[in-house]
Amino acid sequence: MNFIFISPNFPQKYWQFCAALKKNGVNVFGIADAPYDELVPELKSALTEYYRVDNMEDYNQMYRAVAYFAFKYGRIDWLESNNEYWLEQDARLRTDFNICSGIKTDRIDSIKEKSEMKKYYAKGGIRTARQIKASEGLEAVLHFGTEAGYPLFSKPDVGVGAGGAHKLNNEDEVRRFFKNTPLAECYVIEEFVTGNICTYDAIIDSNSNPLFESMCVCPPSIADIVNNNLDSTYFVEQHMSENLRFWGRRTVKAFEVKSRFVHLEFFCLDRAHKGLGDEGDFVALEVNMRPGGGYTPDMINYAHSADVYQIWADMIAFDKRQTPDNNDDYFCVYSGRRDGVEYVLSHEEIMEKYRYALCMWDRVPDVLSGAMGNQSYIGRFKTIEERDEFLWDTTNRK
């Protein structure tokens, strides 16, 4: 099997996907813009060959790189980046080279545009917040606000993370949004929903069945973290809500997901919301057809004593899971601190108090720091009390 991995060097931990593929006997070819000498040794040893391009945004260069591997090694069976930023380009390359193992250009809008996602949610009978495209114009959005009620929430129709997302509290703020927002017509406006964001993280086989499932909870939303410069916290649940499992699997079927790692976002309502449900019900937010960002795959591994890199590679190579579930489950907690902020407990005090529980601690790459903070701590715990104490100790500011 010939597998092209796009940008296997970022995030850095993605070398583990490549190593797991190699373990399963797959030829793994890498394409990225980093010099070969800058690749970590583990990635170098996992790749059959590496092709460096000057600019990954230049489709002609990417096309030539894929063509080189196809000419030298024969038919390409898979092409994947597992990265939101490259999903559209991945689809275009699959289409141009007739690689049938993933999403092609005829389906890409359904997973990139939030407005298109609504159609698939509706097809599956999955509850979502009401929405209107800003391109319908100011008067249409004002009428929508009268019907849906304020506040509203604006966000780019196509976008990664929470960039550009804003709460609109009244008609005046809607008018200012249209007046002051560049490319306002590229946004969608939704009724405002309150609650924790929870994610259904799963590795799906070719028949749309889960080989592995996990659940994350994000107490502050990414939008609030970015817009208000909050500390970034979230955790992998010890056990998945059966209610979320139901809606996650239903969403997978509605979007006809096959042979992918997915990260599906839902609101867990913190109060009854007319037309959407009661407190504790799940409402679909958006789909992400790739693993959760940052350190999430590693956190899932720590939480469930698993290896999602290998489970994913087993799905690619064998369309089944090769490793058993050992049922040794924890809460795994991420806490990201901000530079320039004074905390009650110092870094050294955190390291001393939680040396028994810390799985990772690291500086966050600058490109991710807006959403994830500058200094990260990841710990795992058996009880809710331990989990919450860790969250308090790592984020309590002076």
Is R380 positioned over the aromatic face of Y302, cation under 6.0 angstrom from the ring centre and no more than 45 degrees off axis? no
Between Y234 and G293, the two heavy atoms sitting closest are OH-O, 4.1 Å
Would you call K133 and E185 a salt bridge, taking side-chain N to carboxylate O under 4.0 Å as the test? no
Salt bridge check, D339 against R363: does any charged N sit closer than 4.0 Å to a carboxylate O? yes
Do D157 and S115 pair up side chain to side chain, a donor and an acceptor below 3.5 Å, judged on atom types alone? yes
Going by heavy atoms in the side chains, are I204 and N209 under 4.5 Å from each other? no
Just to verify, what does H347 make a ring-ring contact (aromatic ring centres under 6.0 Å, His included) with, not counting sequence neighbours? Y377
Here's one to test your reading of the geometry: is the NZ or CZ of R337 within 45 degrees of the ring axis of Y343 and under 6.0 Å from its centre? yes
Intermediate values then yes/no, salt bridge (charged side-chain N to carboxylate O under 4.0 Å, His left out), R260 and E80: CA-CA 10 Å; R260 294 199 70 80; E80 186 59 76; 2.9 Å; yes
So, for N9 and A34, which heavy atoms are closest and what is the spacing to 0.1 Å? ND2-CB, 3.4 Å
Give the minimum heavy-atom separation between S101 and L79, together with the two atoms involved. OG-N, 4.2 Å
Kindly say whether A313 contributes a backbone atom to a donor-acceptor pair with the side chain of N24 at under 3.5 angstrom? yes
Using modelled atom types and a 3.5 Å cut-off, is there a donor and acceptor pairing between side-chain atoms of N82 and backbone atoms of R290? no
Decide salt bridge (charged side-chain N to carboxylate O under 4.0 Å, His left out) for R130 and E191; before the verdict, give the C-alpha distance in whole Å, the side-chain angles of both, and the deciding distance to 0.1 Å. CA-CA 6 Å; R130 287 174 289 177; E191 62 180 321; 3.2 Å; yes
Closest approach of A129 and V283, non-hydrogen atoms and distance? N-CG1, 4.0 Å
Which class fits the ring pair F390 and F381: parallel under 30°, tilted 30 to 60°, perpendicular over 60°? tilted
Under 3.5 Å, is there a donor-acceptor pair between the D362 and S376 side chains? no
I'd like to know if K114 and E190 make a salt bridge, using a cut-off of under 4.0 Å between side-chain N and carboxylate O. no
Nearest 0.5 Å, what's the CZ-CG distance between R175 and L168? 13.0 Å
Determine, stepwise, if the pair E213 / R245 fulfils salt bridge (charged side-chain N to carboxylate O under 4.0 Å, His left out). CA-CA 8 Å; E213 297 168 298; R245 192 190 310 275; 2.8 Å; yes
In chain order, what residues pass the salt bridge (Lys or Arg N to Asp or Glu O under 4.0 Å) check against R387, with sequence neighbours excluded? none
When you check the side-chain N and O atoms of Y150 and E171, is any donor under 3.5 Å from an acceptor? no
Could you check whether atom CD of Q12 has more than 12 heavy atoms from other residues, nucleotides or ligands sitting under 6.0 Å from it? no
Does a side-chain heavy-atom distance below 4.5 Å link T394 with L345? no
More than 12 heavy atoms of other residues, nucleotides or ligands under 6.0 Å from NZ of K23: yes or no? no
Quick check on the 6.0 Å ring-centre criterion: do Y50 and W15 meet it? no
Treating R94 as the side-chain partner and I103 as the backbone partner, does any N or O pair qualify as donor plus acceptor under 3.5 Å? yes
Is a donor on one side and an acceptor on the other found under 3.5 Å between the side chain of D307 and the backbone of Y309? yes
Between E389 and K353, does any side-chain N to carboxylate O distance fall below 4.0 Å? yes
Taking the side chain as C-beta and beyond, is there a heavy-atom pair between Y334 and I378 under 4.5 Å? yes
Side chains of V344 and E349 in contact at under 4.5 Å (non-hydrogen atoms): no
Is the cationic atom of R92 (NZ for Lys, CZ for Arg) positioned less than 6.0 Å from the six-membered ring centroid of Y59 and within 45 degrees of its normal? yes
State, yes or no, whether a side-chain contact exists between L269 and V193 at a heavy-atom distance under 4.5 Å. yes
Check whether E42 reaches the backbone of A19 with its side chain - one donor and one acceptor, N or O, closer than 3.5 Å. no
Please indicate whether F71 has more than 12 foreign heavy atoms, meaning atoms of other residues, nucleotides or ligands, lying under 6.0 Å from its CZ. no
Looking at Y63 versus F97, is the centre-to-centre ring distance below 6.0 Å? yes
Any side-chain heavy atom of L264 within less than 4.5 Å of one from T199? no
Ion pair present between R127 and D281, side-chain N to carboxylate O less than 4.0 angstrom? yes
Report the relative orientation of the aromatic rings in F177 and Y187; use parallel for angles under 30°, tilted for 30 to 60°, perpendicular for over 60°. perpendicular
Where the side chain of S208 meets the backbone of V257, is there a donor-acceptor pair that is under 3.5 Å apart? yes
With no hydrogens and no angle check, do the side chains of D77 and N2 hold a donor and an acceptor under 3.5 Å apart? no
Please determine whether residues L358 and W392 belong to a single hydrophobic cluster, defined as Ile, Leu, Val, Met, Phe, Trp and Tyr linked transitively by side-chain heavy-atom distances below 4.5 Å. no
Which heavy atom of M56 sits nearest to which heavy atom of I31, and what is that distance? CE-O, 4.1 Å
For K382, I'd like to know if atom NZ has over 12 heavy atoms of other residues, nucleotides or ligands within 6.0 Å. yes
Please check if the side chain of D205 supplies one atom and the backbone of K320 the other of a donor-acceptor pair under 3.5 Å. no
Less than 4.0 angstrom from a charged side-chain N to a carboxylate O is my criterion; do E352 and R355 meet it? yes
Could you verify whether a donor N or O on one side chain and an acceptor N or O on the other, from N27 and K22, lie under 3.5 Å apart? no
So, S241 side chain and L244 main chain: donor-acceptor pair closer than 3.5 Å or not? yes
What residues, two or more places apart in sequence or in another chain, satisfy side chain to side chain donor-acceptor pair (under 3.5 Å) together with E147? H143
Would you find a donor on one side and an acceptor on the other, under 3.5 Å apart, between the side chain of N196 and the backbone of C268? no
Are more than 12 heavy atoms, taken from residues, nucleotides or ligands other than D172, located less than 6.0 Å from that residue's CG atom? yes
Classify the ring geometry of F17 against Y14: parallel below 30°, tilted from 30° to 60°, perpendicular beyond 60°. perpendicular
Do S214 and H304 meet the criterion of a side-chain donor-acceptor pair at a distance under 3.5 Å? yes
If you measure only the distance, is there a donor-acceptor pair under 3.5 Å linking the side chains of S7 and Y85? no
If two hydrophobic side chains count as joined below 4.5 Å and joins carry through other members, does I311 share a cluster with V252? no
Side chains of W312 and Q310: closer than 4.5 Å at any heavy-atom pair? no
Does K44, at its NZ atom, have more than 12 non-hydrogen atoms belonging to other residues, nucleotides or ligands within less than 6.0 Å? yes
Does any non-hydrogen side-chain atom of C18 lie less than 4.5 Å from one of L47? yes
Can you tell whether the side chains of K118 and E286 come within less than 4.0 Å, N to carboxylate O? no
Quick check: does any side chain N or O of D231 sit under 3.5 Å from a backbone N or O of S335, one acting as donor and the other as acceptor? no
Determine, step by step, whether Y51 and F29 satisfy the ring pair (Phe, Tyr, Trp, His ring centres under 6.0 Å) criterion, reporting the C-alpha distance in whole Å, the side-chain angles of both residues, the deciding distance to 0.1 Å, and the verdict. CA-CA 8 Å; Y51 190 111; F29 310 109; over 10 Å; no
Nearest heavy-atom neighbours spanning M215 and V217: CE-CG2, 4.0 Å
